[in-house]
Structure formats: structure tokens, C-alpha cells
Asks: 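This is the structure, below, for whatever I ask next.
Counting from 1, the numbers follow the sequence of the chain as shown.
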Amino acid sequence: MARRERPLDPGDSPLLRFAADLRALRERAGSPTYRQLALRAHSSAASLSVAAGGRRFPTLAVTSAYVRACGGDVGEWADRWHAVASALARRRPPPYAGPAAYTAADGDRFFGRERLVEEAVERLRGDRLVVVTGASGAGTTSLLQAGVVHRLLTAGDPPAVGTFVPGPDPVAELARCLARLPDPDSVLVVDQVERLQAQGPAPAGRGRSAGPPDLPGLLDVLRAAPCRLVLGLRTDLHDRFAGHPLLAGAPLTVPPPAPEDLTRVVTDPAAAADCTVEDRLLAVLVAGAHRQPGGLPLLSATLLATWRHRDGNRLTLAGFRAAGGFEGAVTRGAEAVWDELADGPRNRARDILLRLTETGDDGAPRALDRRELGDDPGTAAVLERLAAARVLTLDHDRAVLAHGAVAHGWPRLAAWTTEDPDALRRRRRLTRAARAWEESGRDPAALWRGRRLAEAEAEAAPPAPGRPAAAYPPGGPEREFLAACATAERARRVQDAVRDARLRAQRRLIAFLAGLLISVSALAAATVPFAVR
């Protein structure tokens, strides 16, 4: 005798109504057992039973198999399945934060960084100050907010915890924040100190005086703070101000996540939301994010998009592809920041990104030394915007594309690289020459001359009226290199002219002396016979 089916839970949710309708469809089909349905549907009896159980939302494939075995309209039920999936999505918060950083409220879905969180909290027990650094895209903000702050707030005897992110008047804002934390056991988490970069002039060199005017004052206020501190800032900013007493100790550096950490980033939030991740999808996600400078936020953005295309409670490779994969996440973020830029910053962004598509000897995108871009404040601001949008990452005064998918997966950037391939190659050759000249200590022997210089100058010249501008105009370092080449070329021409003039003078003198000698010799020959007579 077949076992009776467990009654549905009480309630009137979309999932329970869906399960009840599946049961009604089976009754109209003569109430076959699930084993009989499994033979008809070529599916497992357990999965078919779960589909009508009302506790887990079945996949579309299992639903279709159930309906087909009961003689129902598969197309109609597919529409119903999508409607229920949308309704459940609106009710259920996603297990992933997407491209945005995790907050303290996201601690229950923040995984893969437990060791670093524990190390930061352990350091804080013994030290008044913990400095946490990482490249942009390393997940420093998420580590501090969803990791450290969440851990402190959920401890057995939680301390008073405050958070501070620099705003328009950071020193005054920080002073007000500290006034609310007078207890020496309280903790202030200062995050995203690099935001000061966009508020002051671009650095002109090394040392304290190089950065934004508010940062030294901010560090001085923090040094006198009455509470414990957790200070999070980007690695390049820490390097620039490492001489300040507040930053004298060794920081806790946030490294790129290992494959096992990435696995937890993918699977643990899904499990907490009663979802599973297809093995093939997991392999693609981990491989696609591993060893990518900005792989972590891009992975989170891709996961959120994939979750929205999930099949029931399963995240699948098909859903990943339907969401556009890593390329889709890159394009959405890059286009969003591109739409926000004005024409001037757009030109700077285009030039920066084209430089970053140049590959090194290993075939990977080349890291760009920020000094190659000059010290224009507008360029520094564009770099910060692109880093915030996860298009590139900044670390140790270098910029690099956040993910390999940026170069080939963002249609706009891919189109830029194909507008005039020959011109782009010439510009890159000029860039390499300028870089080599700088690295050689501006050795005059590294300068161009002759035809190669003339061609480069012609391409770098402002466009004539009625003619389009160059597709890949040279930047500051290239123009400086060309100017040095032109100066050296003019000096050579002057030297050549002086040398030629001297040679001509010498030739004239030699010719004059030769003529004089001939004249004297002829005169002497003419007077000798008279002397003999």
C-alpha cells in the first residue's frame, strides 16, 4: 500500500499554492504513486515528491517532468513556475550583496574571510590600533564592516562601536564622532580613508606633504583618540604616509582570496538561503575570480545576477550564462560609471583604459605605474571613479584592470582597441619608448630622431581644421618624451650646422691656401730664369 503524502503546511504562500496545484494535477491524473510518475517522467521519485511538498521550490526541469507525467500543459506550468519564482524572489532577500561592499548588517552572509576577521579582532585585544590595508577591490570595506564590526557587535559583551567614513569636512566630522566614544574600551572603525584622495590635489611626490591637506590632520586627530581604533585604507595611501607615527606598525594586509575562500564565498551564502550551487557553475566561478586583481567584487556582482536567474533553489551554469557571466557584470558596472562622466573625464578614462589593455611579456594586462599618467588632479579623480566602479584596481601606486573580462568583455573598450589598430600599435611603441627613456634616467641615447621622430610628431600634432583628431593621442609622458626628442634633434641640427659651417670655412681656407701656394709657386718659377741669367 502506498504511503500517504504528508499534508501541506498551513498558510497561503505562493510556494504552498504551487504545491497544492501540483497535487491537484496528480489527483486528476488518477493519483499515480511517485514511483509510477518517476517511470513516466524519467526522473527520481524523491525529486517529484519534493516538488509537491511545499517546502522547497522545485526546479523548472523537475516541475516540467512532474506536469508531463500527469498529462498537464507543460507550457502553461512553465509560465506559472516563472511567476512563482518572481514572487519568491521579491519575498526572499538575495544571499549576495552584488558589486556593493557588505555592511555590518550583512554579517550573516559574509563568508570566506573568517581568518582575517579573527586576526583583526585578536590584534585589537592587545593593541589600541589595528591598521588594515588592501588594494582596491580586495574587499577591505566588507572585511571591516561585515566582518570586524559585525563580530564586535555580536560578541557576548559587545563594546560601543562607531564607524567613520571621511566626508566633506573629515577632521571636524571625526572630532564629533570621537566625542561620542569617550570610553577607552569603545572601538572606532575608520574606513575608506582613500576617499580623501578625491578631495585634495593629486600627490606631487613622496612624504607627508604629498597628499591631500586633510589627511595629516586626520591622522593627528586619530592619534589622540581616547578609544581603540581600526583604520582601513588602501595600500597605496598607506605607502605614501607610512612615515606618520600612527602608521608605524605593521599593517594587516588583505590578500586576494585563495580558491578555498572563493568556494566559501559562493556556496555558504547559498546554503544559508537554502540554495545549492551546481558543481559546473562553482568551478567556473572560482576559476574566473582566482588571481584577478578585482575578482572578489566582480564575483559578488556575478553571483547576484546569477541568483536572479536561478532555477528554483539552484544556481546553475545556465543561469550564469543567461545573466551575462563575468562579462555582463563588467559591462553593467563600466557603463554605469561611463554614463556619469563628462566629456573631459571621459577622454581621460578612455586613454587610461587603452593603456591598461596593453599586455606584458606574459600576455596578461600590464600594470600601469601611475606616474606615467602625470600629476593632473583630473586624472587622479578619474582613476578613483574607475576604481570605485570596479573597472580597475589601485595598489602601490599602480593601476591594473580589475579583471581580464574588462578588456574583452566590455564592448565599448573592445571597440576602442579596434578603431585603428596600426595607430594604436604606434602609440604603444611611443609609450614603451617614453617609458624606457624615463627608466634609463633620461639617457639621451634613448631618444628618437630622424624619420621615426618626424612620423611620431606628425601623428601627435593637433588636428588641422576639418580633420578628425587622432584616435589615440599621446599622453603627458609621451609628449614630454617627444619634446625632449625635438630639443635634442634641434641641438643636433645646430651642431651639424656649426660643424658644416666650420667644414665649409676650412675648405675655403684650404682652397685659398692652395690657390695662394700655386700662385706663389708660379711666380717663383717665372723669376728663376732671370736670376740664372
Side-chain angles (χ1 to χ4, degrees), residues 101-104 113 116-117 119-121 123-124 127-149 161-171 173-174 177-178 187-203 206-225 227-256 293-294 296-297 370 380-381 383-388 390 392-400:
Y102 284 75
T103 68
R113 293 296 203 181
L116 285 171
V117 172
E119 184 174 351
V121 173
R123 284 195 185 191
L124 194 60
D127 298 329
R128 173 184 167 272
L129 169 69
V130 177
V131 178
V132 182
T133 70
S136 60
T140 305
T141 292
S142 296
L143 174 73
L144 293 178
Q145 298 295 335
V148 175
V149 172
V161 180
T163 59
F164 170 75
V165 177
D169 189 3
V171 174
E173 293 166 2
L174 177 58
C177 187
L178 288 171
V187 180
L188 176 63
V189 178
V190 183
D191 187 24
Q192 300 179 52
V193 178
E194 61 272 6
R195 291 183 60 173
L196 291 168
Q197 290 284 78
Q199 299 172 21
R206 298 283 177 183
R208 277 188 61 182
S209 62
D214 286 331
L215 185 55
L218 182 76
L219 295 177
D220 291 338
V221 173
L222 286 170
R223 191 181 181 197
C227 58
R228 292 180 291 166
L229 297 169
V230 180
L231 179 61
L233 71 165
R234 212 169 54 211
T235 310
D236 57 314
L237 196 62
H238 179 272
D239 292 346
R240 197 166 292 119
F241 290 90
H244 192 281
L246 194 67
L247 305 180
L252 174 61
T253 301
V254 180
L296 199 55
R370 292 179 62 172
L383 282 170
E384 295 294 332
R385 295 284 295 277
L386 294 174
R390 314 304 191 191
L392 56 80
T393 64
L394 300 172
D395 184 22
H396 295 297
D397 279 338
R398 298 181 308 161
V400 66

Asks: Given the rule in the side-chain contact (heavy atoms from CB on, under 4.5 Å) test, do D239 and D397 qualify, once you have shown the distances and angles that lead to the verdict?
Replies: CA-CA 9 Å; D239 292 346; D397 279 338; 6.0 Å; no
Asks: Suppose we screen for salt bridge (charged side-chain N to carboxylate O under 4.0 Å, His left out). Which residues come up paired with R123, at least two apart in sequence or across chains?
Replies: E119
Asks: State the OG1-CD distance between T163 and Q145, to the nearest 0.5 angstrom.
Replies: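 Nearest 0.5 Å value for the OG1-CD distance: 5.5 Å.
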Asks: Kindly write out the residues that satisfy side-chain hydrogen bond (donor to acceptor under 3.5 Å, both in side chains) with T103, not counting sequence neighbours, or none if the list is empty.
Replies: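 Listed in chain order: D106.
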Asks: Identify the two heavy atoms, one from F164 and one from P170, that lie closest to each other, and give their separation to 0.1 Å.
Replies: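 The pair with the smallest heavy-atom distance is CZ-O, 3.5 Å.
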Asks: Please evaluate residues L296 and R113 with respect to the criterion side-chain contact (heavy atoms from CB on, under 4.5 Å), reporting the C-alpha separation (whole Å), side-chain torsions for both, the decisive distance (0.1 Å), and the verdict.
Replies: CA-CA 11 Å; L296 199 55; R113 293 296 203 181; 3.7 Å; yes
Asks: side-chain contact (heavy atoms from CB on, under 4.5 Å) between F241 and V193: does it pass, once the steps are laid out?
Replies: CA-CA 12 Å; F241 290 90; V193 178; over 6 Å; no
Asks: Indicate yes or no for a side-chain donor-acceptor contact from T133 to the backbone of T235 under 3.5 Å, with no hydrogens or angles considered.
Replies: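 Checking the backbone N and O of T235 against the side chain of T133, no donor-acceptor pair under 3.5 Å is found.
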Asks: Is V221 close to L178 at the side-chain level, that is, under 4.5 Å between some pair of heavy atoms?
Replies: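 Heavy-atom side-chain distance check passes, below 4.5 Å.
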Asks: Taking all non-hydrogen atoms of both residues, which atom of L252 and which atom of A120 are closest, and how far apart?
Replies: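 That closest heavy-atom pairing would be CD2-CB, 3.7 Å.
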Asks: How long is the straight-line distance from CG of L188 back to CG of L129, given to the nearest 0.5 Å?
Replies: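 Reported value, rounded in 0.5 Å steps: 10.5 Å.
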Asks: For E173, what residues pass the salt bridge (charged side-chain N to carboxylate O under 4.0 Å, His left out) criterion, not counting sequence neighbours?
Replies: none
Asks: Quick check: closest heavy atoms across L144 and V190, and the distance to 0.1 Å?
Replies: CD1-O, 4.5 Å
Asks: What is the minimum heavy-atom distance between C227 and R128, and which atoms define it?
Replies: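 Between these two residues, the closest heavy atoms are O-NE, 3.5 Å.
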Asks: Looking at every heavy atom in both R370 and R234, which two are closest together, and how far apart are they?
Replies: NH1-NH2, 4.0 Å
Asks: List in chain and number order the residues that pass side-chain contact (heavy atoms from CB on, under 4.5 Å) with A388, two or more places apart in sequence or in another chain; answer none if no residue qualifies.
Replies: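 For A388, no residue satisfies side-chain contact (heavy atoms from CB on, under 4.5 Å) once neighbours in sequence are set aside.
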Asks: Could you tell me whether the side chain of D395 reaches within less than 4.5 Å of the side chain of P293, counting heavy atoms only?
Replies: no
Asks: Quick check against the 3.5 Å criterion: does H244 have a side-chain atom that pairs as donor or acceptor with the backbone of L246?
Replies: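 Confirmed, H244 side chain pairs with L246 backbone.
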Asks: Who pairs with T141 by side-chain hydrogen bond (donor to acceptor under 3.5 Å, both in side chains), at least two apart in sequence or on another chain?
Replies: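 With neighbours one apart ignored, the set is D191.
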Asks: Looking at residues at least two apart in the chain, or sitting in another chain, which of them share a salt bridge (charged side-chain N to carboxylate O under 4.0 Å, His left out) with R228?
Replies: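 Salt bridge (charged side-chain N to carboxylate O under 4.0 Å, His left out) list for R228, sorted by chain: empty.
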Asks: Could you pull out all residues at least two apart from A387 that satisfy side-chain contact (heavy atoms from CB on, under 4.5 Å)?
Replies: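 With neighbours one apart ignored, the set is S136, L392, L394.
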Asks: Name all residues meeting the side-chain contact (heavy atoms from CB on, under 4.5 Å) criterion together with V117; count only those two or more places apart in sequence or in a different chain, and write none if there are none.
Replies: F110, V121, L143, R151
Asks: Of all residues at least two apart in sequence or in a different chain, which pass the side-chain contact (heavy atoms from CB on, under 4.5 Å) check with P297?
Replies: R390
Asks: Compare all side-chain heavy atoms of V132 with those of L116 and state whether any distance is below 4.5 angstrom.
Replies: no
